[in-house]
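Single-structure report; data block below.
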Amino acid sequence: MDVGADHIQDTEESVSGTANNPATGAATGAAMARERHNPMSRSTSGVTTIAVDGPAASGKSTIARAVAERLNLLYLDTGAMYRAVTWLALRGGIDPADEAAVSALAARVTFDFPDRGAATHVNPPIIVDGVDATDGVRDPAVDAVVSVVAAYRGVRAALVREQQKIARARGVVMVGRDIGTVVLPDAPLKIYLVADAAARARRRYDERIARGEGADYDEIYGAMVRRDHLDSARAHSPLRPAPDAVELDTTGLTIPEVVDRVLALARERAVGG
Ligand code: DC
């Protein structure tokens, strides 16, 4: 990741969570259990939990990854977990519209976020039920239905449990839609990133063009507004800022500006060391 880039890019290519520092090991159950008793795994700022929420392409992943790296915290993108369940359902012939079947699947899957050694990953690996879903979670077929799957109460309950387990085990910068409100309501620092829809659609458009893919700005803009609506209007854990979240508008800001702001807030909130 290039935090020196002069504009913010977001999650299309940063869809999973992993230990972001080779020194800290993989976020497996065993590694997490080890780290629970290891004070060195705590952030150098003293803040051990940072919740980052916001709509698609608001800059969450880029910002969170840079902050996690600077503070020696785990970076975990929970969107990748919803995507992984969706991917596994599609792969297993489960109809994403079948709420009971998808919820049962979410309740039994296992996740692993192996550290493959690089300090940062463009696509941090995510293993679901022993299968590498790192590329699969970015499949357009997943994009098309993940909002539906993420709206199921049973799916959310299962994944929130898993996310809370990870946060209990070690310091983490956790990214999603409901992290400050539901998953980590006691996080000492909650960031809610926003950017206007046109700026976010432009980021997506630029990412696709940069990857040599075709892109239609109007289509991207329309899909983004539709997904924002689905994420914000759903009954269970809709996208919204926690009352104590710090809202940062990234529309006209560079990545380093936003990262510095979050790091300053982390320093302000630090208790202990
Ligand atoms: O951030 P993303 O685009 O990878 O998220 C994929 C989907 O999952 C999107 O519809 C929002 C949803 N999501 C969610 O409901 N709660 C989270 N904590 C993270 C993502």
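One-based numbering, in listed order, for ligands and for the atoms of each. From a predicted model like this one, the values you see are computed outputs, not experimental measurements. Any value given below was found using the heavy atoms of this structure, including those in side chains, with hydrogens, waters and symmetry copies removed.
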- Message: For Pro185, is there any backbone N or O sitting under 3.5 Å from a side-chain donor or acceptor partner on Lys190?
- Response: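 Yes, the answer is positive, given that a donor and an acceptor are paired below the 3.5 Å cut-off.
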- Task: Output yes when a side-chain donor or acceptor of Arg200 lies under 3.5 Å from a complementary backbone atom of Ala57, and no otherwise.
- Result: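 No; judged by distance alone, with no hydrogens or angles, the pair does not exist.
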- Item | Nitrogen or oxygen of Tyr82 less than 3.5 angstrom from that of ligand 1 |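 Among all N and O atoms of Tyr82, none is under 3.5 Å from an N or O of ligand 1.
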- Message: Can you confirm, on distance only, whether ligand 1 has an N/O atom lying under 3.5 Å from any N/O atom belonging to Asp77?
- Response: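 For ligand 1, there is no N or O atom that lies under 3.5 Å from one belonging to Asp77.
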Number the atoms of ligand 1 from 1 as they appear, then name those within less than 4.0 Å of a heavy atom of [X], with their elements.
{"X": "Arg83", "result": "2 (P), 3 (O), 4 (O), 6 (C)"}
{"X": "Ser147", "result": "10 (O)"}
{"X": "Arg227", "result": "3 (O)"}
{"X": "Asp231", "result": "9 (C), 10 (O), 11 (C)"}
{"X": "Ala150", "result": "8 (O), 12 (C), 15 (O)"}

- Quick one: hydrophobic cluster around Tyr192, which other residues, with the 4.5 Å side-chain cut-off, linked directly or via members?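 The other cluster members (ILVMFWY side chains, heavy atoms under 4.5 Å, direct or chained) are Val194, Leu239.
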- Message: Looking at ligand 1, would Arg234 count as a contact under a 4.0 Å heavy-atom criterion?
- Response: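 It does, in that a heavy atom of Arg234 comes within the 4.0 Å cut-off of ligand 1.
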- Check if Met81 has a non-hydrogen atom at a distance under 4.0 Å from any atom of ligand 1.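 No, that is not the case, since the closest heavy atom of the residue is not under 4.0 Å from the ligand.
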- Message: Let me confirm one number: the CG-CZ distance from Asp196 to Arg202, rounded to the nearest 0.5 Å.
- Response: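 It is 12.0 Å, given to the nearest 0.5 Å.
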- Atom pair CG/CG of Leu265 and Leu248 - distance to nearest 0.5 Å: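 So the CG of Leu265 and the CG of Leu248 are separated by 6.5 Å.
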- Do you know which of Lys60, Arg261, Arg203 makes side chain to side chain donor-acceptor pair (under 3.5 Å) with Thr250?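 Passing option: Arg203.
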- Item | Closest approach of Asp132 to Ile126 (non-hydrogen atoms, all atoms of both residues) |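 Closest approach of Asp132 to Ile126, heavy atoms only: OD1-O, 3.6 Å.
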